Amino acid sequence: MMKSEKESIETLMALRKKARAGGGLERMEKRRSQGKLSARERLELLLDENSFEEFDMFKTHRCRDFGMEKQEFFGDGVVTGYGTIEGRLVYVFSQDFTVLGGSLSETYAEKICKVMDMAVKNGAPIIGLNDSGGARIQEGIESLAGYTDIFFRNVMASGVIPQISGIFGPCAGGAVYSPALTDFTVMVDKGSYMFLTGPKVVKAVTHEDVTVDELGGAEVHTMKSGVAHCSEATEEEALQLIRRMLSFMPQNNLQSSPYVPTDDPDDRSVDVLDEIVPDSPNVAYDMKEVIFQTVDDGDFLEIQPNYAPNLIVGFGRYGGNSVGIVANQPTHLAGVLDNDSSIKGARFVRFCDAFNIPLVTLVDVPGFLPGTAQEHGGVIRNGAKMLYAYAEATVPKVTVITRKSYGGAYCVMSSKHLRGDINYAWPTAEIAVMGAKGAVEILHAREVKNYEGDPAELIQKREQEYSENFANPYVAAKRGYIDDIIRPHRTRIRIIKALTMLANKQDANPPKKHGNIPL
Ligand code: HXC
């Protein structure tokens, strides 16, 4: 006998309940006892209330090897669909570790590819919440194919829609490359880890004894490898961070970031900045203070705060509009540029340029870090990445030199010569080919050698002359490399005016298939 409509609906509801149970209550409870949220709870916290619409809830795998026909779970280990964040459309997938360890099958990959394709077609961000043991071993090559289908889509979507990854448990083997191809990766301090090969394989191949955290925990990836950008203490905070990140971004590369009205006046004077630069050039000050004091409402979202802290990158707003801020940090290694900071800065600049986010660059840089470690580590190639990124960027570029801007680092940090639109300097700026000490050592070596009086006195005199004549903002201003020398307390005002003036900027690069950034 045919089922009544009521019975059909009841069947549907029963099946939905089964699908929502993922790998079953026992496995769910085990994860909960480990302090983990479920795949669906994560989506609830990530998305606006009641906004989630799910796809492919009843999809199952097609594997018939290894007795897999007896291990079918509705949804196959990944929850996919769309929803909103602060009212804006996003596409999502959330991996469910309770189903076969969140491992990726052919059908699981199809579900992810479906939402990725929709995200690109509809011009909305895609957010992936990862919690997976990697390729589903029972499916073999089909799982590899599925991964590669996802990677291909990550690459095609790059620079078209924002792509953000959260890591909430294991992200092992093939699972790592999709996050690596996305724009930003957020981890959880404890219980999330990323590695290509796990501790057992490491032990077998290199004889190293290493824990999952030592190999690929949040600390490793946010401080040492730079694979992840940020980490938070709890899953809830990590999900909030993803929401906050998106608030600074447009939906896609054809749109602008949302305007966020503020009561913070555009013409706010920041008087503390008139006294922030210490009298001695060897004494540091905190560049974050300059950022916090000048952006709207002191609201700055730092990206990669623990990796290469000698360069600060992150998002803020001026006059309600999003900007990407890149700034040397004098409190770390005197703010030098080195391998890691160059890589960090270049990638951030390229993200902002791809998504129409203007760049504000704050400069206090003594140069590139010298030494064999840097040279052997490829500082020429890596420094070139920063040059390349700033040079090709066509978004509005506003630069403020607060103090040192020496040598190659002057060229790199959004200089006029790399199409900086507005380049300002504080009166404390020292813009020159090198510092007074180095210049005097080279230019006056013979004079000092032949000097009959106290050589230290002569050196001091020559250094002072050099500083007065060359290490100041006026030489650059005379040539128009600096558009104006501004009083520090007017920095916010001048930045906002410059960005407003540049709001309709149009610029382009020569037609090409793509450039060849020195990777
Ligand atoms: C199928 C898997 C699986 C996988 C875990 N499971 N990983 N099933 N394929 N890759 C299953 C387990 O059998 C188990 O099933 C359940 O998930 C939970 O796993 P546990 O081991 O009990 O959990 P835990 O102790 O927390 O350890 C988590 C783990 C571990 C560290 C992730 O499971 C693990 O090492 N898995 C394999 C990781 C790996 O080597 N991946 C690489 C695959 S190759 P039951 O039924 O008991 O619940 C790859 C290459 C692709 O990814 C390259 C593409 C470019």
Side-chain angles (χ1 to χ4, degrees), residues 21-39 60-79 94-113 116 128-155 165-182 187-188 190-206 208-218 220-221 227 235:
L25 288 182
E26 202 178 303
R27 289 192 185 93
M28 288 274 200
E29 272 315 310
K30 190 177 165 201
R31 292 285 279 172
R32 197 176 301 280
S33 71
Q34 294 166 345
K36 301 249 180 226
L37 296 172
S38 73
T60 52
H61 68 72
R62 296 183 277 261
C63 180
R64 294 296 170 260
D65 297 319
F66 301 100
M68 285 296 281
E69 63 281 2
K70 294 187 211 89
Q71 289 211 66
E72 277 190 355
F73 299 88
F74 281 149
D76 202 27
V78 63
V79 184
S94 183
Q95 302 176 339
D96 183 353
F97 189 81
T98 66
V99 176
L100 299 158
S103 59
L104 185 132
S105 68
E106 182 190 28
T107 47
Y108 180 127
E110 284 168 2
K111 286 183 67 173
I112 294 178
C113 288
M116 291 179 85
L129 307 182
N130 294 262
D131 192 355
S132 164
R136 187 169 300 165
I137 298 163
Q138 296 90 331
E139 293 216 8
I141 185 77
E142 275 145 354
S143 172
L144 298 188
Y147 265 127
T148 321
D149 288 341
I150 294 170
F151 304 154
F152 174 74
R153 282 165 174 78
N154 284 129
V155 175
S165 302
I167 313 294
F168 292 88
C171 183
V176 297
Y177 277 117
S178 179
L181 289 164
T182 61
M187 296 183 75
V188 181
K190 295 264 172 297
S192 81
Y193 47 90
M194 301 175 78
F195 43 69
L196 263 180
T197 44
K200 280 185 194 146
V201 178
V202 171
K203 173 82 178 162
V205 177
T206 69
E208 276 175 284
D209 274 313
V210 69
T211 65
V212 287
D213 278 327
E214 289 163 349
L215 190 59
V220 167
H221 287 312
V227 163
E235 294 193 17

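FYI, side chains are in, hydrogens and waters are out, and symmetry mates aren't considered; it's all heavy atoms of this structure. Throughout, residue positions are numbered sequentially from 1 according to the sequence presented. Read the numbers this way: they start at 1 and go in the same order the structure lists the ligands and their atoms. Keep in mind it's a predicted model, so treat the numbers as computed, not measured.
Note that the OG1 atom of Thr211 and the OH atom of Tyr193 stand 10.5 Å from one another [nearest 0.5 Å]. Note that the OG1 atom of Thr98 and the CG atom of Leu25 stand 9.5 Å from one another [nearest 0.5 Å].
Atom 22 (O) of ligand 1 has its nearest heavy-atom neighbour, among Met68, Lys30, Arg31, Arg136, in Lys30. Looking at Gly134, Gly101, Ser105 and measuring to atom 5 (C) of ligand 1, the nearest heavy atom belongs to Gly101. Taking all heavy atoms of Tyr147, Phe151, Phe97 into account, the minimum distance to atom 23 (O) of ligand 1 is reached by Phe97. Nearest to atom 43 (C) of ligand 1 by heavy-atom distance, out of Cys171, Ala135, Ser143, is Ala135.
Here is the list of ligand 1 atoms found below 4.0 Å of a heavy atom in Leu144: 51 (C), 53 (C), 54 (C). Against a heavy-atom cut-off of under 4.0 Å, Gly173 is close to the following atoms of ligand 1: 52 (O). The Tyr193 neighbourhood of ligand 1 comprises atoms 31 (C), with distances under 4.0 Å to a heavy atom of that residue.
Atom 1 (C) of ligand 1 has as its closest protein heavy atom Gln138 OE1, 3.2 Å. Remark: minimum distance from atom 40 (O) of ligand 1 to any protein heavy atom is reached at Gly133 O, 4.6 Å. Among all non-hydrogen protein atoms, the one lying nearest atom 9 (N) of ligand 1 is Ile137 N, 3.1 Å. In terms of protein heavy atoms, atom 48 (O) of ligand 1 is closest to Arg27 NE, 2.8 Å. In terms of protein heavy-atom proximity, atom 50 (C) of ligand 1 is nearest to Gly174 N, 3.7 Å. Scanning the protein for heavy atoms near atom 2 (C) of ligand 1, the closest one is Leu100 O, 3.5 Å.
The residue Tyr177 has no part lying near ligand 1, judged by heavy-atom distances below 4.0 Å. Within the 4.0 Å heavy-atom criterion, the part of Ser103 lying near ligand 1 is the side chain and not the backbone. With a 4.0 Å cut-off on non-hydrogen atoms, Phe66 does not touch ligand 1 at all. If you look at Lys200 next to ligand 1, there are no close heavy atoms at all, none under 4.0 Å. Under 4.0 angstrom from ligand 1, there are no non-hydrogen atoms of Thr197.
Salt bridge annotation for Arg31-Asp131: present, with a cationic side-chain nitrogen under 4.0 angstrom from a carboxylate oxygen.
Under the 4.5 Å side-chain criterion, counting only non-hydrogen atoms from C-beta, Tyr108 is in contact with Ile112. The shortest distance between side-chain heavy atoms of Met68 and Leu100 falls below 4.5 Å.
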